[in-house]
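The block underneath contains the structure these notes are about, expressed in C-alpha cells.
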2 protein chains.
Amino acid sequence: MKIRKEFTCPLEIVHDILKGKWKTVILWQIYIYGKVSLSQLEKDIKGISQKMLLEQLNELRKFGLVDKHTFEGYPLRVEYFITADKGKRIIEALGIMQEVGREYLMERAACNLEKRELSKEIED
Amino acid sequence: MKIRKEFTCPLEIVHDILKGKWKTVILWQIYIYGKVSLSQLEKDIKGISQKMLLEQLNELRKFGLVDKHTFEGYPLRVEYFITADKGKRIIEALGIMQEVGREYLMERAACNLEKRELSKEIED
DNA sequence: CGGTATCCTTCGCGATACTG
DNA sequence: CAGTATCGCGAAGGATACCG
C-alpha cells in the first residue's frame with residue numbers, strides 16, 4: 001500500500017489509505033453488522049478472496065479504523081468492529097457515498113438511456 | 001478506469017469512480033476555487049502532470065461530478081467547476097475525509113512516537 | 001494556455017497452495 | 001475457522017513529445 005509523501009491537502013492521506021478496491025466495502029459491511037467474523041465478511045462481500053480480505057483488514061487495523069477481539073479456544077472465533085473514534089468518522093463519509101451510489105442506481109433503473117451510457121462507461 | 005460489475009453495496013460504484021490517485025484532490029481543489037483554470041490546478045496539485053490532470057478531469061466530467069465552461073478567443077481560457085447536484089454531494093464526503101486527515105496530521109505533530117509509526121507505515 | 005498520443009514501469013490484486 | 005506465503009498479470013499512472 002502506497003501513501004504519497006507530498007500532498008496538497010490532508011484528505012489525500014485518508015484517500016491513500018482507502019483507495020484500494022476493498023477497504024470501503026469491508027468497512028461498510030463491518031459497520032452494518034456491528035461485530036462480525038471473518039467468514040461472514042467473506043460470504044457477504046462479492047468477489048473477495050480470503051487473502052485480500054485479511055490483508056485489507058490488517059491495514060485497516062494498522063490505521064486504527066478497525067479493531068478485533070480474538071476469543072480463546074476452539075473453534076477459533078474473532079469479531080471485527082469499527083473503532084469508536086477514527087472508524088466512525090470515516091463511516092460518515094462512506095454513508096454519503098452509499099447514498100450517492102443509491103441515486104446512481106435509481107437513475108439507471110428509471111432511464112434505460114442512462115443505463116446504456118453507464119454500461120458504456122463501465123466498458124471504458 | 002475499471003468499475004466492478006458485481007457489487008455488495010452501492011457505495012462501491014462511487015468508490016470505483018474516485019479510487020484513482022488524483023480525483024479526490026482535483027475535486028477538492030476545484031471546490032476551494034469555485035471556478036478554476038487548468039493551469040491553476042496544475043500549479044496547485046503537487047506532483048500531478050498535465051496529462052493525468054486532464055485525463056482525470058474528463059472522467060469526472062463524464063460522471064457528472066465536474067463540468068467546464070470554455071471561453072472563445074485567445075488566449076484560450078476554461079473554467080472547471082463542481083456540478084451543483086452530484087458534485088456537491090461528493091464534496092460533503094470529501095469534507096469529512098479532509099477533517100479526518102487534518103486530525104491525523106495534528107496527532108503526528110503532537111506526538112513524535114506516532115509520527116515515527118506513521119512514517120513506518122508509509123514505508124510499507 | 002489547453003489538449004492529445006505513445007511508450008514504459010510499477011504495484012494492486014487475483015489465483016493458488018499451505019499452516020495452526 | 002482464522003491466517004500466511006508465493007507468483008504472475010493487467011491496469012494505473014509517470015515521462016515525454018507534439019498540436020490548435
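First the proteins, then the strands, lettered A, B, ... as listed; each starts at 1.
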Exercise. Angle class for the His69(A)/Phe71(A) ring planes (parallel below 30°, perpendicular above 60°, tilted otherwise)?
Worked result: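 Answer is perpendicular, since the angle exceeds 60°.
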Please report the distance, rounded to the nearest Å, between [atom1] in [X] and [atom2] in [N].
X: Leu18(B); N: dA12(D); atom1: CG; atom2: P; value: 14 Å
X: Gln56(B); N: dG14(D); atom1: CD; atom2: C1'; value: 12 Å
X: Leu54(A); N: dA2(D); atom1: CG; atom2: P; value: 10 Å
X: Tyr74(A); N: dA2(D); atom1: OH; atom2: C1'; value: 10 Å
X: Lys19(A); N: dC13(C); atom1: NZ; atom2: C1'; value: 14 Å
X: Leu53(B); N: dG13(D); atom1: CG; atom2: C1'; value: 14 Å
X: Phe71(B); N: dG3(C); atom1: CZ; atom2: C1'; value: 17 Å
X: Met52(A); N: dG12(C); atom1: CE; atom2: P; value: 10 Å

For this session: By nearest nucleotide on DNA chain D, pick out whichever of Pro75(A) and Asn58(A) is the more 5' one.
Result: Pro75(A)
What contact category does [X] fall into here, base, sugar-phosphate, or nothing, at under 4.0 angstrom with non-hydrogen atoms?
X: Ser37(A); answer: sugar-phosphate
X: Gln50(A); answer: base
X: Tyr80(B); answer: sugar-phosphate
X: Lys68(A); answer: sugar-phosphate
X: Ser49(A); answer: nothing

Exercise. Ignoring hydrogens and angles, does a donor from either the side chain of Lys2(A) or the base of dG12(C) sit under 3.5 Å from an acceptor on the other?
Worked result: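 Such a pair does not exist between side chain and base.
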For this session: Confirm from the modelled atom types if Lys51(B) and dG3(C) form a donor-acceptor pair under 3.5 Å, side chain to base only.
Result: no
Exercise. In Å, rounded to the nearest 0.5 Å, how long is the span from CG of Leu11(B) to OG1 of Thr24(A)?
Worked result: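 OG1 of Thr24(A) is found 5.0 Å from CG of Leu11(B).
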Problem set entry | Main-chain N/O of Tyr104(A) paired to Glu107(A) side chain as donor or acceptor, under 3.5 Å | no
For this session: Would you check if the side chain of Lys19(B) reaches a backbone N or O of Lys2(B) as a donor-acceptor pair within less than 3.5 Å?
Result: yes
Seminar exercise, completed: The nucleotide from dG2(C), dG3(D), dC13(C) with an atom nearest the side chain of Lys21(A) is dC13(C)
Exercise. Which residue lies toward the 5' end of DNA chain C, Leu57(B) or Glu55(A), if each is placed at its nearest nucleotide?
Worked result: Leu57(B)
Exercise. Does a salt bridge link Arg89(A) with Glu99(B), judged by any charged N lying under 4.0 Å from a carboxylate O?
Worked result: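 Result for this pair is no, no salt bridge flagged.
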For this session: Would you indicate, yes or no, if dG12(C) has its OP1 or OP2 atom less than 4.0 angstrom from a side-chain nitrogen or oxygen of Trp22(A)?
Result: no
